[in-house]
Enquirer: 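Structure in structure tokens, see below.
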Amino acid sequence: MNAVVARQYYALMKPRVIQLIVFCAIIGMVLAVPGLPSLDDLRVGVVASFGIWLVAGAAAAFNCLVEKGIDAKMRRTAWRPTAKGELNDMQTLVFSAALCAVGSWLLYAWVNPLTMWLTLATFIGYAVIYTVILKPLTPQNIVIGGASGAMPPVLGWAALRGDVGPEALILFLIIFLWTPPHFWALALYRVEDYRRSGLPMLPVTHGNEFTRLQILLYTIVLFAACLMPFAYGMSSWLYLAAALVLSVGFTWYGFRLWREYSDALARKTFRFSLIHLSVLFAALLVDHYLL
């Protein structure tokens, strides 16, 4: 396999998305272990991160296969190897199956069965239930399908603890509520792409104004959810300060977007949503070790 083909396969895995998935899984692992991790914890964490990375990459590749026709119609995704015909269906399917099989085996044999089954369920939730069923049928696809995207911290927690505790479910809830305003902000300024694709995204089916209101409402509910780690005793004042600043910022973007729309503001809201989740979880990580 030459370097060009290797890059095409790698692109199928949506590496930037997977980086955030693995990062959130690592946060779940860190919070599952009081104090500094032992050498055994580190070993399990490295294997679990690699296994989750492989299975997440498999789901992304399968998504590219199913949506190659849709991707070809959208400027944001027309560059993907499946959309351009650089990799055929069989190559993509075999690649996805191989990643899923190897990742699942690693998780089962070297981490624990619970993590493997949860990760496999996440693969099915994203690759099949969301991509094949929900996404083309309902404008609530992001809301319902967001459950799969919210699983990484639960997977990380299960890898180190062998169970699913309330702390992991709080992290799940934060990502679950973060997902709709994050994606709808993108859909607002990419609405013509989605209209051409035929996907029933909320701005296409219910219009710009209704979508903006939903973004604002979700940022308000998300604000409350981001305070739960402090309220439950998972974190201290350091995390609370970061959560307040970030949540005020996201809600303010949602309010501005609701009051006066522009593509530029929707794009800024989308970008800030990425900062919001990344810094929020980074604050949890710092708080866990410093306080």
Side-chain angles (χ1 to χ4, degrees), residues 8 11-18 20 59-87 89 92 126-149 175-219 222 249-277:
Q8 290 169 352
L12 291 180
M13 298 175 68
K14 302 181 182 179
R16 287 191 296 179
V17 175
I18 291 185
L20 186 57
F62 189 82
N63 173 269
C64 289
L65 171 61
V66 173
E67 296 191 344
K68 64 176 184 177
I70 294 171
D71 286 346
K73 299 175 185 176
M74 300 175 65
R75 285 186 301 168
R76 185 173 65 89
T77 55
W79 60 270
R80 288 175 179 164
T82 41
K84 294 173 67 176
E86 295 170 340
L87 295 173
D89 291 358
T92 306
Y126 176 76
V128 180
I129 297 174
Y130 169 68
T131 300
V132 178
I133 300 173
L134 293 174
K135 195 170 182 179
L137 293 181
T138 171
Q140 293 299 311
N141 47 29
I142 291 299
V143 177
I144 305 169
S148 295
I175 301 178
F176 179 76
L177 294 172
W178 169 89
T179 301
H182 163 72
F183 273 103
W184 285 334
L186 169 69
L188 280 172
Y189 70 86
R190 295 285 191 182
V191 65
E192 292 307 318
D193 261 359
Y194 285 110
R195 203 185 308 278
R196 283 194 299 271
S197 73
L199 290 174
M201 296 298 287
L202 198 64
V204 176
T205 61
H206 288 68
N208 181 290
E209 186 175 351
F210 181 82
T211 303
R212 286 150 49 199
L213 176 60
Q214 295 303 303
I215 289 174
L216 173 60
L217 294 176
Y218 265 91
T219 57
L222 175 63
F250 202 1
T251 305
W252 176 240
Y253 269 108
F255 178 76
R256 291 173 60 202
L257 203 60
W258 174 60
R259 289 296 300 272
E260 188 173 355
Y261 178 77
S262 71
D263 282 356
L265 183 56
R267 190 174 286 107
K268 288 179 181 178
T269 303
F270 173 76
R271 290 172 180 165
F272 184 81
S273 70
L274 294 170
I275 295 171
H276 175 277
L277 189 66

Enquirer: Less than 4.0 angstrom from a charged side-chain N to a carboxylate O is my criterion; do Lys68 and Asp89 meet it?
Expert: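 Counted as a salt bridge, because a side-chain N and a carboxylate O are separated by less than 4.0 Å.
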Enquirer: Can you find a pair of side-chain heavy atoms, one from Trp252 and one from Arg256, that are under 4.5 Å apart?
Expert: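 They are in contact (side-chain heavy atoms under 4.5 Å apart), so the answer is yes.
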Enquirer: May I ask you to decide if the ring planes of Trp258 and Phe255 are parallel, tilted or perpendicular, using 30° and 60° as cut-offs?
Expert: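 Plane angle between 30° and 60°, so tilted.
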Enquirer: Kindly indicate whether the side chain of Leu199, heavy atoms from C-beta on, has any atom under 4.5 Å from the side chain of Val204.
Expert: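 A side-chain contact is absent here, since even the closest heavy-atom pair is not under 4.5 Å.
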Enquirer: Taking all non-hydrogen atoms of both residues, which atom of Ala72 and which atom of Ala78 are closest, and how far apart?
Expert: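 The answer is O-CB, 4.0 Å.
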Enquirer: Is any side-chain heavy atom of Met74 closer than 4.5 Å to a side-chain heavy atom of Arg190?
Expert: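 They are not in side-chain contact.
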Enquirer: Between Asp193 (side chain only) and Arg75 (backbone N and O only), is there a donor and an acceptor less than 3.5 Å apart?
Expert: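 Pair found, side chain donor or acceptor close to backbone of Arg75.
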Enquirer: Quick check for you: to the nearest 0.5 Å, what is the distance between Leu213 atom CG and Leu257 atom CG?
Expert: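 With rounding to 0.5 Å, CG (Leu213) is 11.0 Å from CG (Leu257).
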Enquirer: Using a strict threshold of under 4.0 Å (side-chain N to carboxylate O), is an ion pair present between Arg212 and Glu209?
Expert: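 A salt bridge is absent here (no side-chain N lies under 4.0 Å from a carboxylate O).
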Enquirer: Centre-to-centre under 6.0 Å for Tyr218 and Trp184, is that the case here?
Expert: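 Under 6.0 Å, so yes.
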Enquirer: Any heavy-atom pair between the side chains of Ser262 and Arg267 that's under 4.5 Å?
Expert: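 No. Closest side-chain heavy atoms not under 4.5 Å.
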Enquirer: Give a yes or no answer on whether the side chain of Tyr261 reaches the backbone of Leu188 with a donor-acceptor pair at less than 3.5 Å.
Expert: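 Looks like yes, one N/O pair under 3.5 Å.
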Enquirer: Decide yes or no on side chain to side chain contact (heavy atoms under 4.5 Å, CB included) for Leu186 and Arg76, but give the supporting numbers first.
Expert: CA-CA 11 Å; Leu186 169 69; Arg76 185 173 65 89; 3.9 Å; yes
Enquirer: Using 0.5 Å steps for rounding, measure from the CD1 atom of Ile70 to the CG atom of Asn63.
Expert: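 Spacing of CD1 (Ile70) from CG (Asn63) equals 9.0 Å.
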Enquirer: Please answer whether the main-chain N or O of Ala185 pairs with a side-chain N or O of Thr269 as donor and acceptor at a distance below 3.5 Å.
Expert: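 Side chain of Thr269 to backbone of Ala185: no pair is present.
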Enquirer: Rounded to the nearest 0.5 Å, what separation is found between the CG atom of Leu217 and the CD atom of Gln214?
Expert: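 Going from the CG atom of Leu217 to the CD atom of Gln214 covers 5.5 Å.
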Enquirer: Would you indicate whether the side-chain heavy atoms of Tyr194 and Lys73 approach each other to under 4.5 Å?
Expert: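 Sidechains of Tyr194 and Lys73: no contact.
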Enquirer: Which class fits the ring pair Tyr126 and Tyr130: parallel under 30°, tilted 30 to 60°, perpendicular over 60°?
Expert: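 Answer is parallel, since the angle falls under 30°.
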Enquirer: Can you measure from CD (Glu67) to OG1 (Thr131) and round to the nearest 0.5 angstrom?
Expert: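 Here the rounded value is 5.5 Å.
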Enquirer: Between Lys268 and Phe272, does the side chain to side chain contact (heavy atoms under 4.5 Å, CB included) criterion hold? Intermediate values first, please.
Expert: CA-CA 6 Å; Lys268 288 179 181 178; Phe272 184 81; over 6 Å; no
Enquirer: Does the Thr138 side chain pair with the main chain of Leu134, one donor and one acceptor, at a distance under 3.5 Å?
Expert: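 A pair under 3.5 Å: no.
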Enquirer: Show, in sequence, the C-alpha distance, side-chain angles and deciding distance for Arg80 and Glu86, and conclude whether the salt bridge (charged side-chain N to carboxylate O under 4.0 Å, His left out) test is met.
Expert: CA-CA 9 Å; Arg80 288 175 179 164; Glu86 295 170 340; over 6 Å; no
Enquirer: Apply side chain to side chain contact (heavy atoms under 4.5 Å, CB included) to residues Lys135 and Ile142 and explain how you reach the verdict.
Expert: CA-CA 8 Å; Lys135 195 170 182 179; Ile142 291 299; over 6 Å; no
Enquirer: For a side-chain contact (heavy atoms from CB on, under 4.5 Å) with Leu177, tell me which candidate from Val143, Leu222, Thr219 qualifies.
Expert: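 That would be Leu222.
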Enquirer: May I ask you to decide if the ring planes of Tyr189 and Phe270 are parallel, tilted or perpendicular, using 30° and 60° as cut-offs?
Expert: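 Tyr189 vs Phe270 ring planes: perpendicular.
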Enquirer: Is there side-chain contact between Glu192 and Arg196, with at least one heavy-atom pair below 4.5 Å?
Expert: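 When only atoms from C-beta onward are counted, Arg196 and Glu192 do touch, with a gap below 4.5 Å.
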Enquirer: Using a 4.5 Å cut-off on heavy atoms from C-beta on, say whether the side chain of Val191 contacts that of Asn208.
Expert: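 SC-SC contact between Asn208 and Val191 ruled out.
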Enquirer: How many angstroms lie between SG in Cys64 and NZ in Lys14, if you round to the nearest 0.5 Å?
Expert: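 Between Cys64 SG and Lys14 NZ, I get 4.5 Å after rounding to 0.5 Å.
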Enquirer: Could you tell me the separation between the OG atom of Ser273 and the CH2 atom of Trp178, rounded to the nearest 0.5 Å?
Expert: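 That separation rounds to 5.0 Å.
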Enquirer: With side chains defined as the heavy atoms from C-beta onward, is the minimum distance between Pro81 and Leu12 less than 4.5 Å?
Expert: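 Yes. Closest side-chain heavy atoms under 4.5 Å.
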